[in-house]
*Asks:* 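Have a look at the structure that comes next, please.
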2 protein chains.
Amino acid sequence: MNPYIRRIKDLSNRLDPQVHAEMEGGFVDKKFSKGSFLLQPGQICTSHLLVKEGVARKFYIHNDKEITTEIYFHDDVAISLDSYIMRKAADVYIEALTDLEVTIIDYSRFLDVKKKYAEIMMLDKMFIEYYAVWFEQRLKAFQTMDASQRYIQLLEKEPRIVQQLPVSITASYLNVSLETLSRIRSKFSLR
Amino acid sequence: MNPYIRRIKDLSNRLDPQVHAEMEGGFVDKKFSKGSFLLQPGQICTSHLLVKEGVARKFYIHNDKEITTEIYFHDDVAISLDSYIMRKAADVYIEALTDLEVTIIDYSRFLDVKKKYAEIMMLDKMFIEYYAVWFEQRLKAFQTMDASQRYIQLLEKEPRIVQQLPVSITASYLNVSLETLSRIRSKFSLR
DNA sequence: GTGATTATTTGACCTGTGTCAAATTTTTGC
DNA sequence: GCAAAAATTTGACACAGGTCAAATAATCAC
């Protein structure tokens with residue numbers, strides 16, 4: 001487990017049970033079937049979507065091409081940060097890649113709890129810090145690594161993506177064409 | 001001014017003057033001469049560095065090549081987020097590109113004020129949120145635009161970088177070779 | 001199971017951008 | 001103001017990775 005996530009979990013576990021219960025009181029579970037969208041461009045993202053079961057992804061369309069920016073497994077949080085923070089229309093899709101179960105953490109209810117308990121505010125801040133650092137690392141991957149290197153890194157850091165998802169989605173997450181990813185795969189599987 | 005920064009400024013201006021004064025009580029000003037480093041790899045980043053006067057940048061070295069990740073002008077905040085949050089050794093340099101005046105906001109003093117006043121914690125959280133969104137946009141630029149398009153966008157969004165800094169630094173910020181940036185510039189200056 | 005659809009691989013070719021080297025322009029020190 | 005150093009431009013060439021098309025493999029519907 002990533003050290004940032006570990007810190008958040010540790011803190012979360014050490015919350016006063018009362019506070020913990022109050023936070024979770026606002027949670028609502030929901031199911032989505034494979035291929036459906038949890039968020040679409042134009043909508044305002046008004047919640048954190050905590051994945052309980054299944055796989056989802058966030059992507060946007062640029063020049064008729066899908067670009068996958070994030071892939072969510074169990075315990076990951078799907079959100080359009082930009083839309084959520086500024087309460088403006090999202091420009092991304094969040095799509096269920098399998099049948100999916102999520103816990104919905106509503107913006108305004110969460111805000112109430114954060115105002116009431118500083119430690120929850122702190123957890124939320126840590127989540128954003130983690131997110132910022134994650135973006136920084138992802139940016140670094142694009143600035144320093146070629147397609148093969150990014151693929152190898154993905155295999156090491158997120159093997160589930162390569163193992164469980166079609167080449168087309170892995171390719172769009174690595175920002176290469178599927179043909180190129182296919183060639184990279186054949187190059188490495190021979191050795 | 002960027003809408004996120006505007007929100008932070010607005011909120012900051014509406015702070016109770018007492019609280020505002022207490023926050024700024026911990027600020028310390030410092031000068032750096034051109035070419036000196038405010039942070040180097042191996043050090044732990046223990047403060048926000050608010051630029052008052054001059055220009056600075058953050059960069060790291062990969063395969064003997066400098067990659068500039070951020071450029072700071074008046075009112076920008078220089079920080080190695082990763083190092084600051086996790087209190088671990090930084091892997092970046094922060095360098096004064098001109099003679100520089102900064103306000104140093106020390107980690108532990110700032111933490112005290114944040115604990116005491118929820119509105120300061122809120123401001124800090126907004127800063128990180130802004131940072132995360134900024135990273136997301138920068139990532140998008142690398143995923144969707146070629147070198148010329150990134151240059152045009154930079155001219156529009158951050159003309160001071162192109163106008164005030166040497167080609168070598170602009171190039172490393174755009175993640176292209178200086179030769180390529182030079183060709184892009186000549187292509188556009190003729191028209 | 002079989003045909004149809006979809007996903008993946010392979011081939012041919014092209015373009016953007018990197019590298020190395022050389023030429024030119026600008027800046028700096030004295 | 002001039003020589004030396006540094007920055008920028010220009011040229012020649014190589015190659016990663018994109019596109020389009022075709023072949024093959026895997027999956028799905030019934």
*Asks:* Given a cutoff of under 4.5 Å between side-chain heavy atoms of I, L, V, M, F, W and Y, with clusters grown through shared members, what are the other residues clustered with A:Phe37?
*Replies:*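 Other cluster members: A:Phe59, A:Ile61, A:Tyr93.
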*Asks:* So which pairs with a foot in residues 72-86 of chain B pass salt bridge (Lys or Arg N to Asp or Glu O under 4.0 Å), sequence neighbours left out?
*Replies:*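 Every pair satisfying salt bridge (Lys or Arg N to Asp or Glu O under 4.0 Å) with a residue in residues 72-86 of chain B: B:Lys9-B:Asp75, B:Asp82-B:Lys88.
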*Asks:* Just how far, in rounded Å, is P of D:dG17 from CZ of B:Phe142?
*Replies:*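 Spelled out: CZ on B:Phe142 to P on D:dG17 is 16 Å.
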*Asks:* Do you know which two heavy atoms are closest between A:Ile79 and A:Cys45, and how far apart they sit?
*Replies:*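 For A:Ile79 versus A:Cys45, the nearest heavy atoms are CG1-SG, 3.8 Å.
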*Asks:* Of all the heavy-atom pairs spanning B:Leu39 and B:Gln43, show the shortest one and how long it is.
*Replies:*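 The pair with the smallest heavy-atom distance is CA-OE1, 3.4 Å.
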*Asks:* Please list, in 5' to 3' order, the outermost nucleotides of DNA chain C lying under 4.0 Å from any heavy atom of chain B.
*Replies:*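 Under 4.0 Å from chain B, the extent on DNA chain C is C:dT17 to C:dC20.
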*Asks:* For residues 119-130 of chain A, which residue pairs qualify under salt bridge (Lys or Arg N to Asp or Glu O under 4.0 Å), counting only residues two or more places apart or in two chains?
*Replies:*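 Only A:Lys114-A:Asp124, A:Asp124-B:Lys125, A:Lys125-A:Glu129, A:Lys125-B:Asp124 qualify under salt bridge (Lys or Arg N to Asp or Glu O under 4.0 Å).
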*Asks:* In whole Å, what is the span from the CD1 atom of B:Ile169 to the C1' atom of D:dA7?
*Replies:*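 Interatomic distance, CD1 of B:Ile169 to C1' of D:dA7: 12 Å.
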*Asks:* So which one's nearest nucleotide on DNA chain C is more toward 5', B:Ile184 or B:Glu179?
*Replies:*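 Closer to the 5' end of DNA chain C: B:Ile184.
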*Asks:* Assuming nearest nucleotide by heavy-atom distance, tell me which of A:Val176 and B:Leu181 is located more 5' along DNA chain D.
*Replies:*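 Closest to the 5' end, via its nearest nucleotide, is B:Leu181.
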*Asks:* Taking donor-acceptor contacts at under 3.5 Å, does the side chain of A:Arg183 reach the base of D:dG18?
*Replies:*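 Between D:dG18 and A:Arg183, which were checked side chain against base, a qualifying N/O pair under 3.5 Å is absent.
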*Asks:* For residues A:Ile169 and A:Ile71, report the shortest heavy-atom separation together with the two atoms involved.
*Replies:*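 Scanning both residues completely, I find the closest heavy atoms to be CG2-CD1, 4.3 Å.
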*Asks:* Using C1' atoms of five pairs at each end, report the bend of the helix from C:dG1-D:dC30 to C:dC30-D:dG1 rounded to 10 degrees.
*Replies:*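 The angle separating the two end axes equals 60°.
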*Asks:* Please report the closest heavy-atom contact between B:Thr69 and B:Trp134, naming both atoms and the distance.
*Replies:*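 Looking at all heavy atoms of both residues, the closest pair is O-CH2, 3.5 Å.
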*Asks:* Using atom NZ of B:Lys187 as one end and atom P of D:dG11 as the other, report the distance to the nearest whole Å.
*Replies:*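 B:Lys187 atom NZ is separated from D:dG11 atom P by 16 Å.
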*Asks:* What is the separation between atom OH on A:Tyr151 and atom C1' on D:dA16, rounded to the nearest whole Å?
*Replies:*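 To the nearest whole Å, that distance equals 18 Å.
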*Asks:* Quick one: does A:Tyr151's side chain get under 4.5 Å of A:Leu155's, heavy atoms only?
*Replies:*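 Yes, close enough: below the 4.5 Å cut-off.
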*Asks:* In residues 21-31 of chain A, what donor-acceptor pairs under 3.5 Å come from side-chain atoms, sequence neighbours left out?
*Replies:*
| from | atom 1 | to | atom 2 | distance (Å) |
| --- | --- | --- | --- | --- |
| A:Glu22 | OE1 | A:Tyr117 | OH | 2.6 |
| A:Glu22 | OE2 | A:Lys116 | NZ | 2.6 |
| A:Asp29 | OD1 | A:Thr103 | OG1 | 2.9 |
| A:Asp29 | OD2 | A:Lys52 | NZ | 2.9 |

*Asks:* Rounded to whole Å, please give me the gap between CG in A:Leu178 and C1' in D:dA22.
*Replies:*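 These atoms are roughly 14 Å apart.
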